[in-house]
Amino acid sequence: MKKYIPSDIEPKWQKKWEEDRLYEVDLSDAVRRQYILIEFSYPSGDLHMGHWFAFAVPDILARFRRMQGYNVFFPNGFDAFGLPAENAAIKKGIHPRDWTLSNIEKMKQQFKTMGASFNWENEVITCLPEYYKWNQWIFLKMLGKGIAYRGKALANWCPNCQTVLANENVEAGKCWRCGTEVIQKQVEQWFLKLTEYADRLLWKDNPIVDWPKAVREGQNNWIGKSEGMILDFDGVEVFTTRPETTDGATFLVLAPEHSMIGKFTIAENKNDVDSYIKQVKNKTELERKEGREKTGVFTGSFVKNPVSNKEIPVWVADYILMGYGTGAIMAVPYADERDKEFAEKFDLPIIKTSFKAKPQGKQKVNYHIHDWSISRQRYWGTPIPVIYCDTDGMVSVPEKDLPVELPYEVDYAPKGKPPLATAEDWVEVSCPKCGKSAKREVETMDTFVDSSWYFFRYLDPKNSQQIFKKEVVEKWLPLDIYFGGAEHTLGHTLYSRFFTKFFHDLGLISFEEYARKRVNRGLILGPDGQKMSKSRGNVVNPDEQVKSYGADAVRLYLAFIGPYAGTVAPWDNSGLNGVYHFLQRVWGLADKIGSNLQGNDLEARRMMHKTIKRVTEDIEANKFNTAVAGMMEWLNYLSRKDQISQDEYRTLLFLLAPFAPHITEELWEKISQKYSIHQASWPVFDEKSLEEEELPLIVQVNGKVRDVIMIQKDIISNKEVIEKKGKGSVKVAKYLEGTSVKKIVYIEGKVLNFIV
RNA sequence: GCUGAUGUGGUGGAAUGGCAUACACGUUCGCCUUAAGAGCGAAUGCCCAAAAGGCAUGUGGGUUCGACUCCCACCAUCAGCACCA
């Protein structure tokens, strides 16, 4: 047989599978369904190794389930709104829409070289009006229920991007996109009321869905529920989780943004207080986080401690945050580390608390999580469907007028005002209520809105009447498995849970969790063990690897490198060469096919069924690495034989098909003249064939292994005979000599242990 | 500081109460080859010339006939959060 040259066979089969629509799914049939999903990608225009790891390995599971007879839905799409498109446009003068759509085309071509079995016919691209129309529809529903609202809050503001940033987008005090230092600024913006759902988003101890503990705990910490009390100190409300320590409260601290500072500040302290507040305002997020040294200023006033009845001083300090609780605390330096540090620095009294105080107050639950600010002063996003009218105020765009399409011609250079404001013809609109001239909202939505519900839309992407058909969604969701990156623990996966619960409350769906199982994948590093990055020059280009070794080898290597969840391993080119070698040996093994498997060749039969069992169970547990190892072991066994059977070779191809779809299709055609191996049935192992008539038994003396003896299966339960056999072993006898056996432990079929 | 995860050969890793180091890479030796590469075969945890034997799964303890695996304490690394009252 001619040599295995991947580039000769891979494009050929990819084209044929596409023409034959081999993986097309019938969504009306959900009896045995599997909805397998990977977080969709941002269309950066280049498919890197991270994408291969993210998409090619779960494709193994999708193909495996299909061969098992499941109706598999495995869609893909693009998270296509967002800043990079706009930045590229500013830099290169290409329109964000053109840049994005051409990148999508390019990436889809690259995706095809992977040989993955995606349902592209259900593709979702979030920057197209047929998708974002429904973002706007959801927004209006939220507005109607009071879940979306206009509010003012201190926000992370990037002076360079001229936009509000979510906490998740601030990295070490800097903007995640441009690296500029983020400052705090009071801004009016659109919010989604995450806090209303905080309690329901908290994970219980034994959740009904299988999500990693790291994700559940991470989300719970982020939500940060704490139960306490609101106490009144002469009109100042404070929040405390330790009301029993109120007798030890020796001063009061207000956040620098607190509204009652003016009331408490006496004339001679006014200058000091004002200059302190000014100084705090000018601090960047980074300075506030790094400068842990306590600072503060005395207002000059006192309030009465309701428990001790003592007059205590009122201070202003930036270690108290306006965004949490009431923005004011009673300081108990005896019980609280931070208060103690402050008291020591400013020489304030520290008195012992009895921990028995019972102040008057009302119970209060506080959350660390804030409402979600979705306003973005940028162009490339979903327009918020709201109109401002001088007469009627803020008016929703009527549902029939959706989508509010993003205008093509705008000046999207950052100028301190939102780019959409420059599209004057678009901004000018007549009020839906009174018909007089009015103006459109010029802010766009955070792209995390787009990705919060895209897996619903995959099921009905072309529906122009409804967000989705309820019947289809009820049949196919929740997802059977959702693969993604650990970086989405606090952002995307939490927001999606929020949207799912909102959809539930709207009556659109009956379930409240959207994924039965979540798997956080690991990370492939550069060959130097560092994160792959262009600036480090350690990026491994998958296209080049595919050219030299083929997509099948790259897929197999990524599956083999370690357990899929959590492994962080460097790319190793000789490791890739190793699996390429394995594929070559599979190719060459076809020359050894002889007669059919002999009925009396029990060992060969056992090896085959053992491998089927192992590969099946390992794929089901997402242990792709050990599934590959199992096939390698079997290949080593088969290679030692002069001749192998049709049955063995076919089984090997079936097991390998999900991992290496091209080479197996080619070999399957060669040996059987059939097509396609990917529509064949997954082999089923036969328990009977796994049975052995002789079993190895470990013989120990004082718990140390001294010999392994073969035991006939029919005497396995006969302790006396086994003991005799064990004593009969020369190696064991050596250790029993001159000793007396105190006890004999026999665990049937596993171990025999002499205690001397 | 809090939360979570992880710790096994030169490397990626396997084994989740019963032969530690499967599988693969790398390395060494041999065969083949004009040569290189590829291919094929053998060896490869550590100590010991070898055998015999002993020692080894971050450290220390415990449970057990038996512990990489379960329990307790500690150390280290990684990730996320962090002046949250």
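The chains referred to below are lettered A, B, ... by the order of the sequence lines, with proteins before strands, and numbering in each begins at 1.
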When the distance from CD of E617(A) to C1' of rA14(B) is rounded to whole Å, what number comes out?
16 Å
Per atom distances to the A214(A) side chain, the nearest of rG4(B), rA14(B), rC65(B) is rG4(B)
Send over the distance from Y4(A) OH to rG39(B) C1', rounded to a whole Å.
17 Å
Report yes if at least one side-chain N or O of S226(A) is closer than 4.0 Å to OP1 or OP2 of rA85(B); otherwise report no.
yes
Nearest whole angstrom, please: distance from the P of rA85(B) to the CD1 of I329(A).
11 Å
Can a side chain N or O of K213(A) be found less than 4.0 Å away from OP1 or OP2 on rA79(B)?
no
Do NZ/NE/NH1/NH2 and the carboxylate oxygens of E723(A) and K727(A) come within less than 4.0 Å?
no
Shortest non-hydrogen pair, F659(A) vs L556(A), comes out as CB-CD1, 3.6 Å
Between I369(A) and T195(A), is there a side-chain heavy-atom distance shorter than 4.5 Å?
yes
For V705(A), report the nucleic acid contact type (base, sugar-phosphate, nothing); a contact means any heavy atom under 4.0 Å.
sugar-phosphate
Return no unless some side-chain N or O of N577(A) is found under 4.0 Å from OP1 or OP2 of rA24(B).
no
Between rG12(B) and rU8(B), how far apart are the C1' atoms? Round to whole Å, please.
12 Å
Output the rounded distance in Å from CZ (F624(A)) to C1' (rG13(B)).
17 Å
To the side chain of N753(A), which of rC81(B), rA15(B), rG66(B) is closest?
rG66(B)
Using a cut-off of strictly less than 4.0 Å, decide whether Y735(A) has a side-chain nitrogen or oxygen near OP1 or OP2 of rG53(B).
yes
Measure CG/L695(A) against P/rC19(B) and give the value in whole Å, please.
14 Å
Less than 6.0 angstrom from the centroid, inside 45 degrees of the normal: does K294(A) satisfy that with respect to the ring of Y319(A)?
yes
D618(A) CG to rG13(B) P, straight-line distance once rounded to whole Å
16 Å
The side chain of D318(A) is closest to which nucleotide in this list: rC83(B), rG39(B), rG66(B)?
rC83(B)
Should rC83(B) form a Watson-Crick or G-U wobble pair with both distances under 3.5 Å, which nucleotide is its partner?
none
Send over the distance from K225(A) NZ to rA85(B) C1', rounded to a whole Å.
18 Å
Quick check against the 3.5 Å criterion: does R216(A) have a side-chain atom that pairs as donor or acceptor with the backbone of P207(A)?
no
Candidates rC23(B), rG13(B), rC83(B) - which lies nearest the side chain of L321(A):
rC83(B)
N636(A) side chain: which of rG12(B), rA14(B), rA24(B) is closest?
rA24(B)
Need one value for I755(A): base, sugar-phosphate or nothing, where a base atom within 4.0 Å counts as base even if backbone is also close, heavy atoms only.
sugar-phosphate
Look at the side-chain N and O atoms of N625(A) and state whether any lies under 4.0 Å from the OP1 or OP2 oxygen of rC23(B).
no
Quick one: do K225(A) and D199(A) make a salt bridge, cutoff under 4.0 Å?
yes
So if I take every side-chain heavy atom of T567(A) and compare against rG13(B), rC23(B), rA85(B), which nucleotide ends up nearest?
rG13(B)
Taking CZ from F560(A) and C1' from rU11(B), how many angstroms apart are they, rounded to a whole number?
13 Å
Where does rG9(B) land, syn or anti, once you apply the within-90°-of-0 test for syn?
syn
Between K734(A) and K750(A), whichever has its closest RNA chain B nucleotide further toward 5' is K750(A)
Once you apply the 3.5 Å cut-off to both distances, tell me the Watson-Crick or G-U wobble partner of rA5(B), or none.
rU77(B)
Looking at the base of rG18(B), is there any donor atom on it, or on the side chain of Q700(A), that sits under 3.5 Å from an acceptor on the other one?
yes
Pick base, sugar-phosphate or nothing for R706(A), based on heavy-atom distances below 4.0 Å to the nucleic acid.
sugar-phosphate
What contact category does P563(A) fall into here, base, sugar-phosphate, or nothing, at under 4.0 angstrom with non-hydrogen atoms?
sugar-phosphate
Side chain of I698(A) (C-beta onward), nearest among rG18(B), rC40(B), rG39(B):
rG18(B)
I'd like the P distance from rG26(B) over to rG80(B), given in whole Å.
33 Å
What does rG41(B) pair with, Watson-Crick or G-U, if both distances are under 3.5 Å?
rC29(B)
Among rC23(B), rA82(B), rC25(B), the one nearest any side-chain atom of H581(A) is rC25(B)
Side-chain N,O (K731(A)) to OP1/OP2 (rG53(B)) below 4.0 Å:
no
Report the base-pairing partner of rA52(B) (Watson-Crick or G-U wobble, both distances below 3.5 angstrom), or none.
none
Considering only atom C1', compute the distance from rA67(B) to rC71(B) and round it to an integer number of Å.
11 Å
Using the C1' atoms only, state how far rA51(B) lies from rC65(B), rounded to an integer number of Å.
30 Å
Which value, in whole Å, describes the distance between the C1' atoms of nucleotides rA43(B) and rU6(B)?
33 Å
R521(A) (side chain) donor-acceptor with A565(A) (main chain) under 3.5 angstrom
no
So which nucleotide from rC81(B), rC65(B), rA85(B) ends up closest to the side chain of L490(A)?
rC81(B)
Between rC78(B) and rU33(B), how far apart are the two C1' atoms, rounded to whole Å?
48 Å
Which base, if any, makes a Watson-Crick or G-U wobble pair with rG12(B), both distances under 3.5 Å?
rC23(B)
Closest to the V751(A) side chain, choosing from rG18(B), rA22(B), rA15(B)
rG18(B)
Any strand, both distances under 3.5 Å, Watson-Crick or G-U wobble: rU64(B) pairs with none
Taking 4.0 Å as the cut-off, does a side-chain nitrogen or oxygen of K610(A) come that near to OP1 or OP2 on rA22(B)?
no
What's the gap between rU69(B) and rG62(B) when it is taken at their C1' atoms, as a whole Å value?
15 Å
Upstream residue (5' side of RNA chain B) when A629(A) and A569(A) are each assigned their closest nucleotide:
A569(A)
Classify G224(A) by what it touches in the nucleic acid, base, sugar-phosphate, or nothing, heavy-atom distance under 4.0 Å.
nothing
Determine yes or no for a side-chain-to-main-chain donor-acceptor pair under 3.5 angstrom, with Y4(A) supplying the side chain and V586(A) the backbone.
no
Centroid-centroid distance, Y367(A) to Y324(A), less than 6.0 Å
no
Is the cationic atom of R497(A) (NZ for Lys, CZ for Arg) positioned less than 6.0 Å from the six-membered ring centroid of W203(A) and within 45 degrees of its normal?
yes
When the C1' atoms of rG17(B) and rG1(B) are compared, how many Å lie between them, rounded to an integer?
37 Å
